[in-house]
Visitor: 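Before I ask anything, here is the structure I am working with.
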Amino acid sequence: MSFDTPIDRRGTHCVKWDMMEPIYGVDANDGIAMWVADMEFRPPQCVQDAVKAMHDHGVYGYFGDDSKYLAAIQWWMDTRHGWKIEPEWVFTTHGLVNGTAMCVDAFTAPGDGVVLFTPVYHAFAKVINAAGREVVECQLTNDGGRYEFDFDAYDAQMTGNERMVILCSPHNPGGRVWTKGELRAVAAFAKRHDLILVSDEIHHDLTFPGHRHTPMAHIDGIEDRLVMMTATTKTFNIAGSHSGNVIIEDPDLRRQFGARMAALGLSPNSFGLFMAEAAYSPEGAAWVDDLRAYLDGNRKAFDAGVNAIPGLASMPLEATYLAWVDFSGTGMSRDEFTQRVQQDAKIAVNHGPTFGTGGDDFLRFNFAAPRAQIDEAVARLAKAFGDLQ
Ligand SMILES: Cc1ncc(COP(=O)(O)O)c(C=O)c1O
């Protein structure tokens with residue numbers, strides 16, 4: 001399979017292409033969708049075959065024995081991340097936005113504070129607010145185009161009302177692969193303030209050369225307050241399967257979480273389980289390695305083109321396929337640079353402010369698409385900001 005092959009997704013009810021006109025006013029006929037974090041690629045053949053086998057069998061009844069699915073998760077976490085887990089630690093939710101919402105529901109009460117390191121994936125704040133909890137924004141420091149924590153400032157911000165902290169690791173949108181030292185500091189912060197630590201590691205497989213993801217579970221002494229979240233969906237581009245794993249080692253936290261899952265009557269979707277079992281395999285692993293190499297080429301092409309435009313700065317990514325571009329150097333208002341990207345270049349992107357404090361000057365571009373599409377996007381941006389050359 002070639003990642004270069006364009007696939008027309010228009011008219012398939014996909015949010016990325018079919019909702020960009022209603023939401024951003026960018027016509028899908030001549031626009032480019034670079035917002036929602038899914039990819040323009042088919043998953044590996046083994047995943048497509050698993051769906052085809054389900055289709056061919058033709059009976060879509062209740063799912064039962066999940067032992068192979070759990071064994072596949074164990075194998076993947078061990079072989080790809082050096083992380084040994086037990087099957088009984090795994091809860092399967094309807095994706096990780098749902099997993100986040102379940103954590104908020106299980107481990108906090110209305111009015112409690114939930115700490116986020118912003119700017120960060122926008123759905124965290126959405127579910128926290130929707131559940132009647134308070135988002136406590138701890139802003140990351142942008143140190144010359146690289147996000148860093150500032151725990152002295154965060155310590156001073158805490159009021160004692162906080163119950164949970166959610167870490168995005170690797171970080172969306174800044175693309176940081178947090179170092180072991182940084183993860184230790186996050187764990188120490190959680191302990192100091194007696195917080196449950198939820199580590200969303202959905203982007204853990206999508207690192208770039210020279211960067212190795214460390215699971216938060218590798219940090220000593222945090223297991224009694226740690227909730228890990230992983231999924232096949234970003235890695236294999238199967239987000240429509242709405243499936244994610246909340247992995248909890250601590251028996252008390254597990255009981256609490258399991259009780260809420262039971263109270264809400266949640267059980268997994270069989271399509272997601274079959275796809276995950278197929279994906280977490282040697283064939284899936286080889287595909288991911290090819291994907292990462294391709295994404296690395298896209299990252300380089302995108303960054304070279306964008307950084308050549310005076311005033312634009314694409315944050316150097318260590319992981320993810322989501323470029324976080326700083327427009328502050330243009331001296332333009334947010335409305336103006338956004339209008340140039342959307343109306344002139346006809347590119348639909350995610351807007352910085354939705355990621356929380358610190359995101360105002362940024363737009364997020366998804367470059368997980370055939371290289372020709374990335375080249376076209378870069379050419380359009382160069383034209384839209386041509387007066388700055
Ligand atoms: C950090 C993070 N968590 C969760 C999600 C979405 O997870 P799901 O599709 O499983 O709900 C995304 C999607 O971009 C993400 O970036």
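One-based numbering, in listed order, for ligands and for the atoms of each.
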Visitor: What protein heavy atom lies closest to atom 14 (O) of ligand 1? Include the residue and the distance to one decimal.
Guide: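 Checked against all protein heavy atoms, atom 14 (O) of ligand 1 sits closest to Lys234 NZ, 2.9 Å.
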Visitor: Where is the nearest protein heavy atom to atom 11 (O) of ligand 1: which residue, which atom, and how far?
Guide: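 Its nearest protein heavy-atom neighbour is Val97 N, 3.0 Å.
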Visitor: Compute the shortest N/O to N/O distance between Ser243 and ligand 1 and return yes if it is under 3.5 Å, no if not.
Guide: no
Visitor: With heavy atoms under 4.0 Å as the rule, classify the contact between Asn172 and ligand 1 as side chain, backbone, both or neither.
Guide: side chain
Visitor: Going by distance only, is there an N or O of Leu96 that falls short of 3.5 Å from an N or O of ligand 1?
Guide: yes
Visitor: Between Tyr321 and Asp296, do the side chains contain an N or O donor and an N or O acceptor separated by less than 3.5 Å?
Guide: no
Visitor: With a 4.0 Å cut-off on heavy atoms, is Cys168 touching ligand 1?
Guide: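 Flag set, Cys168 near ligand 1.
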Visitor: Would you kindly specify which portion of His242 sits under 4.0 Å from ligand 1, judged on non-hydrogen atoms: side chain, backbone, both or neither?
Guide: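 Neither; nothing of His242 gets under 4.0 Å from ligand 1.
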Visitor: Out of curiosity, Met229 CE to Leu167 CG, how far, rounded to the nearest 0.5 Å?
Guide: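 Met229 atom CE to Leu167 atom CG measures 10.0 Å (nearest 0.5 Å).
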Visitor: What are the atoms of ligand 1, with element, lying closer than 4.0 Å to any heavy atom of Gly95?
Guide: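 Near Gly95, the atoms of ligand 1 are 10 (O), 11 (O).
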Visitor: More than 12 non-hydrogen atoms from neighbouring residues, nucleotides or ligands closer than 6.0 Å to CG on Asp387, yes or no?
Guide: yes
Visitor: Verify whether one side chain among Asp49 and Gln45 offers a donor that lies under 3.5 Å from an acceptor in the other.
Guide: yes
Visitor: Nearest protein heavy atom to atom 6 (C) of ligand 1, by residue and atom, and its distance?
Guide: Tyr121 OH, 3.3 Å
Visitor: Yes or no, since that's all I need: does a protein heavy atom fall within a distance strictly under 4.0 Å of atom 9 (O) of ligand 1?
Guide: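 So far as the 4.0 Å threshold goes, atom 9 (O) of ligand 1 is out of reach of every protein heavy atom.
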Visitor: Heavy-atom contacts with Ala37 under 4.0 Å: which atoms of ligand 1 show up? List them by number with element.
Guide: 14 (O)
Visitor: Between Glu336 and Ser333, do the side chains contain a donor N or O and an acceptor N or O under 3.5 Å apart?
Guide: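 Result is no, nothing qualifies.
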Visitor: Quick check: are there more than 12 heavy atoms from other residues, nucleotides or ligands sitting under 6.0 Å from NZ of Lys16?
Guide: yes
Visitor: Let me confirm one number: the CH2-CD distance from Trp83 to Glu201, rounded to the nearest 0.5 Å.
Guide: 6.5 Å
Visitor: His242 and Asn98: side-chain donor and acceptor closer than 3.5 Å?
Guide: no
Visitor: Below 4.5 Å, heavy atoms only, C-beta onward: do Tyr154 and Phe117 meet side chain to side chain?
Guide: yes
Visitor: Counting only heavy atoms, tell me which of Asn98, Thr233, Ile202, Thr320 gets closest to atom 7 (O) of ligand 1.
Guide: Ile202
Visitor: Please say whether Asp200 places an N or O atom under 3.5 Å from an N or O atom belonging to ligand 1.
Guide: yes
Visitor: Could you see if Val47 belongs to whatever hydrophobic cluster contains Phe3? Use Ile, Leu, Val, Met, Phe, Trp, Tyr and a side-chain cutoff under 4.5 Å.
Guide: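 Yes; Phe3 is reachable from Val47 via cluster members.
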Visitor: Under 4.0 Å, heavy atoms only, figure out whether ligand 1 is touched by the backbone of Met229, its side chain, both or neither.
Guide: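 Near ligand 1, Met229 shows nothing, with every heavy atom at 4.0 Å or more.
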Visitor: Under a 4.0 angstrom heavy-atom cut-off, which atoms of ligand 1 come close to His203?
Guide: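 Reading through ligand 1 atom by atom, the close ones are 1 (C), 15 (C), 16 (O).
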